[in-house]
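All values below come from the heavy atoms of this structure, side chains included, with hydrogens, waters and symmetry mates left out. Quick note on labels: first sequence line is chain A, next is B, and so on, each numbered from 1.
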2 protein chains.
Amino acid sequence: MREAYPEAMTKSGPAAAADGTTTGSGDIARSLELLWGTGERPSRGPRPGLTLDRIVATAVDVADAEGLAALSMRRLAAELGTGTMSLYRYVPGKGELLDLMLDRVQGEPLAADASQVPDDWRRAIDEMARTYRDNLRAHPWLLKINQARTVLGPSALRGMELALTGLKDMGLDGPELIGVIITVNSYVEGFVRTESHATEAARETGLSHEAFWENQRPYLERAMLSGAYPRIAALPHDAFGDGFDHFAFGLGRLVDGFEVLVRERARK
Amino acid sequence: MREAYPEAMTKSGPAAAADGTTTGSGDIARSLELLWGTGERPSRGPRPGLTLDRIVATAVDVADAEGLAALSMRRLAAELGTGTMSLYRYVPGKGELLDLMLDRVQGEPLAADASQVPDDWRRAIDEMARTYRDNLRAHPWLLKINQARTVLGPSALRGMELALTGLKDMGLDGPELIGVIITVNSYVEGFVRTESHATEAARETGLSHEAFWENQRPYLERAMLSGAYPRIAALPHDAFGDGFDHFAFGLGRLVDGFEVLVRERARK
DNA sequence: CTCATTTGGGTACAGCGTACTCAGTGGCTG
DNA sequence: CAGCCACTGAGTACGCTGTACCCAAATGAG
């Protein structure tokens, strides 16, 4: 860490993370240093007025409160009471900042230790899914950033370890265990994504859900009367009501499906 | 449609769709007109040099080929050989353009008519999921735009109608049927989202998956040796290999889970 | 004390969506 | 057939974004 930014950093321009929501900027080593690094200060020069921790925490607060779109480097600097470019002394770019926000937020809801994971794998999956769901609800911006190149920080590894602990009695092999985790996570992410898109749209447009659908009603009714959509028209009125816990429904089916496999494995 | 843009349009500024990925801009009526409208030309004035259809088709092409980030109004205009602001004669804003792209692309993979939907609901769900997956793979930008306020265009309604047709023999009630559709869609969206994030990251950084993980290896190995992650360390090496069809695994479990419910309903 | 080194932050640039504005076109009316 | 005016096309400009580049102030080692 002699030089401030390694070679690769200097050639990353606006093109590197075109939409500004891709984590990292190709400089994995730098992100890893920030995540796992000891953060020792150099001996010379004035002492830093900010800390990486404070920057990341503030960034998370802004994103939670007003969405990822509101989190600009200028805005973040203003929130911290410093100049915009000062942030770049602590973070190579916005991509790496997102990496750090990710790892910080993913670590929050994890059980203190493995002994708190339920012994029953059904309950473990249920709890894992609901915990993940609640976390995504608390930080909807998580679903907007590309995690594919997120370095495996301590939180990510701990989450995986705890998940595997909960599934230990299923009697499945390695790829299947990973498959269970991927499936549950995919379902939860997909579900919450739709959900948070709705609340985000309501906030941005100032138009409630009910008002929105009321606006569509005349077009819908015209479409229904056309006779082209008989099965939609035949649905009972409560089909789209909110008196039904769709999340629990889907999760319950998923766990049922896992159980079929587990029983099959146990029989042989 | 006497006035060019209704009242609400004029007060939508950059604040309306802050991140540029929210469909619509609060003016639902305008989007609905564009989707369902007849598109009659006014009697006076020069005839338009562009068509809405050509604009939307070109926009889809650009987004498919280079990602949603590459789709700017300037870029789109250049592609069409016109001035940037000319586009705003046809589309109120980028949000509505996304709406139109959405409906166009969602309509592509739909079966020609209901008679092509499999009679067996298991096969119908399987086909629905794979069709949706393939469509999301072909147009990964679908997962980046907020569909919550997407108006129900003809394609969306047809997709719902066909889905309900495939589930007709499950013997479930209204909310449950919607629950099945939501669950399958959530799973597929979550799965493809992770998948396409990976390919997008590889394209943007020019770094392959293998190279990326190879970079992380030393940090991972150090973490494994720490003993803090025994269950991850105990996983067989093929757990993360690509010799396992994770999509089919998750979808199979899901269908199994639905079957448990269907059998339970049939017994009573 | 001197000076290499580090931090803070101002300025500048390319790119974005789009509001505003005006020139030119062409069908309807007199 | 002339003239009007609704309409289309498009240039210019504004505020926003991330960040490259640069210089002044601060600090500890020699």
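Applying the 4.0 Å criterion to OP1 and OP2 of D:dG9, one finds that B:Tyr90 has a side-chain N or O inside that range.
Atoms CG (B:Leu50) and P (D:dC7) sit 18 Å apart, rounded to a whole Å. Atom CZ of B:Arg89 is separated from atom C1' of C:dA19 by 12 Å (rounded to the nearest Å). In this structure, the OH atom of A:Tyr88 is 17 Å from the P atom of D:dC22, given to the nearest Å. When rounded to the nearest whole Å, the span between CG of B:Leu68 and C1' of C:dG17 equals 14 Å. Taking atom CG on A:Leu87 and atom P on C:dT6, their separation rounds to 20 Å, with Å as the unit.
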**OP:** Please step through salt bridge (charged side-chain N to carboxylate O under 4.0 Å, His left out) for the pair A:Arg133 and A:Glu195, ending with a clear verdict.
**Re:** CA-CA 10 Å; A:Arg133 179 198 62 177; A:Glu195 200 180 56; over 6 Å; no
Subject >> ring pair (Phe, Tyr, Trp, His ring centres under 6.0 Å) between B:Tyr187 and B:Tyr132, intermediate numbers included >> reply: CA-CA 11 Å; B:Tyr187 167 67; B:Tyr132 190 30; over 10 Å; no
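Rounded to 10 degrees, the angle separating the terminal helix axes of the helix from C:dC1-D:dG30 to C:dG30-D:dC1, each built from five base pairs, is 10°.
Against DNA chain D, the stretch residues 78-86 of chain A makes heavy-atom approaches under 4.0 Å through A:Thr84, A:Met85.
For the side-chain contact (heavy atoms from CB on, under 4.5 Å) with B:His139, the lone residue among B:Asn135, B:Leu136, B:Leu143 that qualifies is B:Asn135.
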Taking only N/O atoms, report every protein-nucleotides 14-17 of chain D pair under 3.5 Å with atom names and distance.
| residue | atom | partner | partner atom | Å |
| --- | --- | --- | --- | --- |
| D:dT17 | OP1 | A:Ser72 | OG | 3.0 |

